[in-house]
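Within every chain, numbering begins at 1; the chains are lettered A, B, ... in the order of the sequence lines, protein sequences first and strands thereafter. For the numbers below, each heavy atom of this structure counts, side chains included, while hydrogens, waters and symmetry mates do not.
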There are 2 protein chains.
Amino acid sequence: MSPPRRTTLKDLARELGVSTATISNAFNRPDQLSPALRERILGEAKRLGYRGPDAKARSLRTGRSRIIAVVLAESLTYSINDPVASELLSGIAEVLDAHGHTLLLLSGRQHVSQVPGSASIADGFIAYGLMPPSLMVSADLPAQRPLVAIDFSPAGYPTVHIDNEPASYMIARYALRTPARRPALVSLRLTAEPCNGRITEEHTLLPPESSITRSRLAGFHRALEERGFTPSDAPMWNIEENTFEVCAPVLEEILDLPDDERPDLLLCMSDRIALTALTLAEQRGLRIPEDLRLTGFDGIAEGQYRAPRLTTVRQDSVEKGRIAARMILGLAPSESTLLPTTLIVGDTAP
Amino acid sequence: MSPPRRTTLKDLARELGVSTATISNAFNRPDQLSPALRERILGEAKRLGYRGPDAKARSLRTGRSRIIAVVLAESLTYSINDPVASELLSGIAEVLDAHGHTLLLLSGRQHVSQVPGSASIADGFIAYGLMPPSLMVSADLPAQRPLVAIDFSPAGYPTVHIDNEPASYMIARYALRTPARRPALVSLRLTAEPCNGRITEEHTLLPPESSITRSRLAGFHRALEERGFTPSDAPMWNIEENTFEVCAPVLEEILDLPDDERPDLLLCMSDRIALTALTLAEQRGLRIPEDLRLTGFDGIAEGQYRAPRLTTVRQDSVEKGRIAARMILGLAPSESTLLPTTLIVGDTAP
DNA sequence: CTGTTAGCGCTTTCAC
DNA sequence: GTGAAAGCGCTAACAG
């Protein structure tokens, strides 16, 4: 017996006694044949279980797949659970969906060189987060296909960015209007070597240009200096991964300092960090904001649908995703874009 | 001048004076040619900017793309922000990643018939959530490619499920050990017609077999009946979408009832619902658990990394995803699986 | 309006 | 160990 081969366009053509071109047209260019014939073809197709042109063959032939790849700097597992990355993906998905494209998720974190071969199927790439250097440098990915970067700036490609330094300056400045005696910073991924804990003289920091965390740090320091603090006055802690699990021990270390050493203002580089600090502080009976004031960064929903609400800077990550997606689809000019941020005054640093 | 055509395997072969088969072997079957030649080929490939076989052509030829599609019942925008769906995707991504596959995200919610043509590129499908009836019935998707369903049961396909009825019976029974005077249920997507608010006699519910919410309801009712309540004793509210924004108004309606009508026990069908209730209750100065006891469902991290911690049922969504992914990759036998759930006793219903 | 034809770029027997 | 050749299933000229 014959193998259970999938019905092809050619089978259908033979069956109906028309040419393959006509079948193809019936599916792709309705205006190229009589409605009656088209009806007949579509009907027969359904009867024979033919579901329309095969995507693999079609994409080989046309050169386009209607697939856009999103390359994430972190592992997928992490990215999907990070509220900021999620919002970003939402924005991307929204636009792609509306235009009949689909989303291929890739992690840039794995063996850098072997970004899966299946990637080359994509019509375009959106890259998010600081890529591993090798990937960045060689700009290995795009193989002359369009690429838009979000939150980092590989040379020669359009970027969607926020104004990190001014944004963190803005919130730090706001928080410092109320005098703080012991301000401290809790940063995300700031050191060259992985570190979960206090940053000391021993640590070297990531290079200033390549990392959004360095930009945010600069903003914090600018505001602190305006208030008469030197950078070394404000101790810094580093957190490698923006998850409850990783944040919690570092923040416990901070909150469990003796009363006269414990910071009274925590400038955090993400809402996740700030929210974890908030929870742990409440568990310890610290009063917010009397005993401890807190600021976040991102403006995620979780920080606002609670009491006390987080004081933070909002960046519109969904919109970042939308813009990148529009660029990649050619719906908007591919020019680097800087999105504004806004201060959200909540209850944790009124 | 010639168009800027992408380098192909054939170009490379011509350039090197070998056959295309040899180039192909250099990339795919190192044992089929001398190491020296392979080196030379790979070197020249890099020099000419050839990044290895084109995924579109390769997948047409081999019939496999190393892409697995995940079809989500809800919109991508929603799914990515839902903690349970996110965990699921994490589990799937973890396994696919480890085996060199990538993840294509599809939403089943859009025009049902037009699941994007690009879907047929996938080697297999993982479908999550109750599909729109038409999609379910015709099982239109798989086109004789493997399909694994999660949290619903299309006839003839393997499924990954949890024991919803016993799980909700378990938590309701636990919560009702402490006598409740006015228990109430807050359900997710239980009515045939969309409804955000109280469920009345007017509403028809979704059919029992097809929805996990009906199963959970059955568990709640079983526990209530053991305590001498009839189903009509416990008022029900319905929520269409598991987001803060949609949950909040419904829960406000409940919490703002006069003291002698306000429920003193809220059995919620998701942690998101319960957490939103918790926040709103705290804002209203209700004491938890003295004035109001609350249970959730899912066991998401957000509910445990806070105070008070949520009393809930934990389902391991990450593991659900892993199992489905293993099945689809043929790493595990494709047989329907029922995962266990566990009770988490937190502070909201001690 | 319909059919013929020439590949898209690659993998894979099967000879050599 | 290496090469020649036959398509995978489809689309887009082009000719009728």
Side-chain angles (χ1 to χ4, degrees), chain A residues 2-41 44-45 48-66 117-123 143-145, chain B residues 3-41 45 48-66 117-123 143-145:
Chain A
S2 68
R5 207 168 50 73
R6 191 156 145 7
T7 317
T8 73
L9 179 149
K10 203 192 243 167
D11 300 334
L12 195 53
R14 196 176 342 89
E15 195 77 17
L16 278 158
V18 300
S19 86
T20 60
T22 303
I23 308 285
S24 176
N25 284 334
F27 283 97
N28 300 318
R29 312 154 86 185
D31 53 313
Q32 295 296 299
L33 74 176
S34 67
L37 177 55
R38 187 171 128 92
E39 276 313 298
R40 195 159 74 88
I41 291 176
E44 190 71 357
L48 289 174
Y50 178 72
R51 297 164 192 298
D54 176 78
K56 298 195 253 292
R58 185 220 282 266
S59 67
L60 173 59
R61 179 60 235 233
T62 62
R64 305 193 323 102
S65 60
R66 311 206 122 230
S118 43
S120 70
I121 207 152
D123 293 340
Q144 51 237 45
R145 269 196 224 62
Chain B
R5 209 168 48 75
R6 193 155 142 13
T7 319
T8 73
L9 179 149
K10 202 192 246 168
D11 300 334
L12 194 53
R14 195 176 344 91
E15 195 77 18
L16 279 159
V18 299
S19 86
T20 60
T22 303
I23 309 286
S24 176
N25 284 335
F27 283 96
N28 301 318
R29 312 155 85 184
D31 52 314
Q32 295 295 300
L33 73 177
S34 66
L37 179 55
R38 188 172 127 91
E39 275 314 300
R40 196 159 73 88
I41 291 176
L48 289 174
Y50 178 73
R51 298 163 193 299
D54 176 79
K56 298 196 252 293
R58 185 219 283 265
S59 68
L60 173 59
R61 178 62 234 234
T62 62
R64 302 191 329 102
S65 60
R66 312 205 123 230
S118 41
S120 70
I121 208 151
D123 293 340
Q144 49 237 46
R145 270 196 222 63

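The side chain of T22(B) contributes an N or O atom lying less than 4.0 Å from OP1 or OP2 of dG3(D). In terms of phosphate contacts, Y50(B) brings no side-chain nitrogen or oxygen within less than 4.0 Å of OP1 or OP2 of dG9(C).
E39(A) pairs by the side-chain contact (heavy atoms from CB on, under 4.5 Å) definition with nothing, not counting sequence neighbours. Residues satisfying the salt bridge (charged side-chain N to carboxylate O under 4.0 Å, His left out) criterion with R64(B), sequence neighbours excluded, are D123(B). Every side-chain contact (heavy atoms from CB on, under 4.5 Å) that T22(A) has, sequence neighbours left out, goes to V18(A), S19(A), L33(A), L37(A), I41(A). Residues satisfying the side-chain contact (heavy atoms from CB on, under 4.5 Å) criterion with S59(A), sequence neighbours excluded, are S65(A), K56(B), I121(B). Listed by chain and residue number, R47(A) satisfy the salt bridge (charged side-chain N to carboxylate O under 4.0 Å, His left out) test with E44(A) (two or more places apart in sequence, or in another chain). Applying the side chain to side chain donor-acceptor pair (under 3.5 Å) rule to T20(B) yields no partners; only residues at least two apart in sequence or on another chain are considered.
A straight line from CZ of R64(B) to P of dT11(C) spans 12 Å, rounded to a whole angstrom. Between the CZ atom of R66(A) and the P atom of dT11(D) there is a distance of 13 Å, given to the nearest Å. To the nearest angstrom, P of dG9(C) lies 16 Å from CD of E15(B). Between K10(A) atom NZ and dG3(C) atom P there is a gap of 16 Å when expressed in whole angstrom units. Atoms CG (D11(A)) and P (dC8(D)) sit 10 Å apart, rounded to a whole Å. In this entry the distance linking CD1 of I41(B) with P of dC10(C) reads 13 Å, nearest Å. Rounding to whole angstrom units, CG of residue L9(A) and C1' of dC8(D) are separated by 13 Å.
Each end of the helix from dC1(C)-dG16(D) to dC16(C)-dG1(D) gets its own axis from five base pairs, and the two axes differ in direction by 30°, given to 10 degrees.
Summarising the geometry of G52(A) relative to F27(A), their closest heavy-atom pair is CA-CE2, 3.8 Å, with the distance given to 0.1 Å. Closest of all the heavy-atom pairs between L12(A) and Y50(A) is CD2-CD2, 3.6 Å. Here the closest heavy-atom approach between residue D54(A) and residue A57(A) is recorded as OD2-N, 2.9 Å.
Within the 3.5 Å criterion, the main-chain N or O of A55(B) finds a donor-acceptor partner in the side chain of S120(A).
Between E15(B) atom CD and T7(B) atom OG1 the span is 9.5 Å, to the nearest 0.5 Å.
Residues A21(A) and V18(B) both approach DNA chain D. Their nearest nucleotides, taken by heavy-atom distance, put V18(B) toward the 5′ side.
Within residues 23-33 of chain B, the residues that have a heavy atom under 4.0 Å from DNA chain C are, in order of number, S24(B), N28(B). For DNA chain C, the neighbouring residues in residues 52-62 of chain B, judged by any heavy atom under 4.0 Å, are P53(B), D54(B), A57(B), R58(B), R61(B), T62(B).
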